[in-house]
2 protein chains.
Amino acid sequence: MTPEQAMRDAIALSEAVRGTTSPNPPVGAVICDADDVVVGRGATQPPGGPHAEVMALRGAGERARGGIAYVTLEPCAHHGRTPPCADALLDAGVRAVHYAVADPTPAAQGGSAVLEQAGVTTTQGLLADDVRRGPLRAWLHFVRTGRPHVTWKYAATLDGRVAADDGTSRWISGEPARAEVHDLRTKIDAIVAGTGTVLVDDPRLTARDADGRLTDRQPLRVVVGTRALPESARVLDDSADTVVIATHDPDKVLTELADRGVVDVLLEGGPTLAGAFAKAGRIDRLLAYIAPALAGAGPAALGDAGVSTVTDMHRWVVEEVTMTGDDVRVSAVPAHQD
Amino acid sequence: MTPEQAMRDAIALSEAVRGTTSPNPPVGAVICDADDVVVGRGATQPPGGPHAEVMALRGAGERARGGIAYVTLEPCAHHGRTPPCADALLDAGVRAVHYAVADPTPAAQGGSAVLEQAGVTTTQGLLADDVRRGPLRAWLHFVRTGRPHVTWKYAATLDGRVAADDGTSRWISGEPARAEVHDLRTKIDAIVAGTGTVLVDDPRLTARDADGRLTDRQPLRVVVGTRALPESARVLDDSADTVVIATHDPDKVLTELADRGVVDVLLEGGPTLAGAFAKAGRIDRLLAYIAPALAGAGPAALGDAGVSTVTDMHRWVVEEVTMTGDDVRVSAVPAHQD
């Protein structure tokens, strides 16, 4: 196995535990033996459980000795709820550690220095962009800014409508796009919607499989706004936890969510709340499912975002455009990162 | 040269004369000699001039004898303003003719039968989809329906706005997208806008190069609507021909344009006129430049299109999604062709 293949494996392991590790990062690790054969694979366990390196080393056992570890994040050097991963790698006798991204946290960083001092070769940067844009994106943002990472997801027509003139919106996007969103919901910590959307659409805000069954993991449901909800609102049922945050200020929402250990947020609507987040510069990624449909009337995807003239429009950079079923899927990030 | 390469050459020749041949089709032809070496290339000349096959045969001269002709459209069999191309190919002594698409016009079709009867091998279908979707799309539509082909082009933000709240729209899309539209304008017969857009934006509706100079060929400028235009409107200047059609009925517009020999129309706005065309089912292709920008306010790309509920939305099929500069370019056709 080549180093790149091994790191791709580690990234896949990392992706597979997204949404289950916050506030810890979802890390993946692969151990190859001295002959470059994979002998251990691991990923971060839920908070309090072992980190990825330890899980992978447990799988490898004695075969790790003289081998190489591939990790998406620099192994930690601190005693948190678990012992330092750098020590575990030293104890296991690996001869080299490749990690994609350096650990930016003051408490945990320094793992590579510990390893180097003990004679283990370390290299940084292998597939770093894939990791930064992928499984560690939200956590790195959280560490850098202190705020949860916000992905605004919406589904609209080509002319930007999220519903028809009579308010109907089921379904603008196709089944593959909706399935993808349910899959995404299982990978994030919290899903945020406004009271307006809850009152109009009465959404469940749960992650469900193709048969409509709840998936094992459910994100925290967060309803933002000051309008009262009826007790019968689906979002208040017992299929997942729900918090109501009575504010219109995105920063107050994000502070409260950060206090709850939320790192990765999916903002699902509606236009008013999305506009408030856009105006505050609190959308870190945009995920648009543009259905090949024209409505000519109905609410637009985004409400007032503090823009009055073309030069003040919020500008983004497209990261990726793909088709999801019949819909165009656009992933974008702010042109000017704060 | 392989048959496919030769046909690709013919398609490129065909593309190169788009916008200069209406109401005749923009056809391309390549002649290879008996050793598969290209000896002649031609494309349809302006109305009254020679067709593509004749131009290519003129280039080939005696070297056409025993060779193969590659043509985007079945060679015509009729005496119009020029003699039948099938006869010209027979006179030149080619041994085979590959054409992409059969000629659907009652008067001109039958060229392949004439050739076959004279002992020339003919085959149909090589790169037919490329031709149907490409240079002959508008003409084939015109022959099939009797109406000019309408491409609705718009540039909007991700939230579907074609201008900011204060009406400013320069520039929502980037320079590469705008350059591409100017290039497209040189390839169509007429560009259509509503009086509303003319009154608000005072557009020139001309094709210009990167330095702002008029290109050699200008489409007919068509202003649709009943509102009076000031004499100072740029669209009334002498840089290109302009017609004003005082109606709100897309079919009346298209009938008048068909009478003028217009085959290929670019509908450039604004939302009200586009809505009328969408409602009438008279948009045959949609070309959206979606700028990675968010406005949160301002006019939507499409006005009333007769849709009140989600199940009545106009549905499209995405043909192609690409990036043009920083903008997402979506080309789509109606899901249900009339």
Side-chain angles (χ1 to χ4, degrees), chain A residues 152 154 156-172 271-272 274-276 278-279 283 286 288 290-298 300-319 321-323 326-330 332-335, chain B residues 152 154 156-172 271-272 274-276 278-279 283 286 288 290-298 300-319 321-323 326-330 332-335:
Chain A
W152 176 41
Y154 68 95
T157 62
L158 275 163
D159 57 325
R161 319 285 186 172
V162 291
D165 201 33
D166 67 354
T168 52
S169 61
R170 289 174 190 165
W171 296 107
I172 285 178
T272 307
K279 186 175 183 175
I283 300 177
L286 174 158
I290 302 173
L294 293 175
L302 193 75
D304 178 27
V307 175
S308 60
T309 195
V310 66
T311 48
D312 290 343
M313 286 183 179
H314 301 281
R315 290 287 172 174
W316 294 71
V317 174
V318 174
E319 277 193 328
V321 179
T322 52
M323 294 298 294
D326 296 330
D327 302 316
V328 178
R329 177 187 186 274
V330 179
V333 292
Chain B
W152 176 40
Y154 69 95
T157 62
L158 275 163
D159 57 326
R161 318 286 187 171
V162 290
D165 202 33
D166 66 355
T168 52
S169 61
R170 288 174 191 166
W171 295 108
I172 286 178
T272 306
K279 186 175 184 174
I283 300 178
L286 173 159
I290 302 173
L294 293 175
L302 193 74
D304 177 28
V307 176
S308 59
T309 195
V310 67
T311 47
D312 289 344
M313 285 182 179
H314 300 282
R315 291 286 172 175
W316 295 71
V317 174
V318 175
E319 276 193 329
V321 179
T322 52
M323 296 297 294
D326 297 330
D327 302 317
V328 178
R329 178 186 184 277
V330 178
V333 293

State, yes or no, whether a side-chain contact exists between [X] and [Y] at a heavy-atom distance under 4.5 Å.
| X | Y | result |
| --- | --- | --- |
| A/I290 | A/R329 | no |
| B/V310 | A/I172 | yes |
| A/L158 | B/Y154 | yes |

So for A/A295, is it side chain, backbone, both, or neither that comes closer than 4.5 Å to the heavy atoms of chain B?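 Interface part for A/A295: both.
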
What part of B/S169 lies closer than 4.5 angstrom to a heavy atom of chain A: side chain, backbone, both or neither?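 Interface part for B/S169: backbone (N, CA, C, O).
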
For B/T157, which atoms come within 4.5 Å of any heavy atom of chain A: side chain, backbone, both, or neither?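 For B/T157, the side chain is the part near chain A, not the backbone.
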
Test: salt bridge (charged side-chain N to carboxylate O under 4.0 Å, His left out). Region: residues 161-172 of chain A. Which pairs qualify, not counting sequence neighbours?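 Salt bridge (charged side-chain N to carboxylate O under 4.0 Å, His left out) check on residues 161-172 of chain A returns A/D159-A/R161.
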
Using a cut-off of under 4.5 Å for heavy-atom pairs, which of A/D312, A/V307, A/L294 has the most such pairs with chain B?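 With the most close heavy-atom pairs to chain B, the winner is A/L294.
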
Among the options A/A164, A/P292, A/G160, A/A163, pick out the one with the most heavy-atom pairs lying under 4.5 Å from chain B.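 So the answer, after comparing A/A164, A/P292, A/G160, A/A163, is A/P292.
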
Flag the one option from B/D327, B/V162, B/T322, B/V318 with the top tally of heavy-atom pairs under 4.5 Å to chain A.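 Heavy-atom pairs under 4.5 Å are most numerous for B/V318.
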
Between B/A301, B/G167, B/A293, who has the most heavy-atom pairs with chain A when the cutoff is under 4.5 Å?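 Maximum pair count with chain A is reached by B/A293.
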
Are any side-chain N or O atoms of B/H314 and backbone N or O atoms of B/A305, one a donor and one an acceptor, separated by less than 3.5 Å?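 At least one qualifying donor-acceptor pair exists.
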
Quick one: ring-ring contact (aromatic ring centres under 6.0 Å, His included) partners of A/W316, sequence neighbours excluded?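 For A/W316 there are no ring-ring contact (aromatic ring centres under 6.0 Å, His included) partners, ignoring immediate neighbours.
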
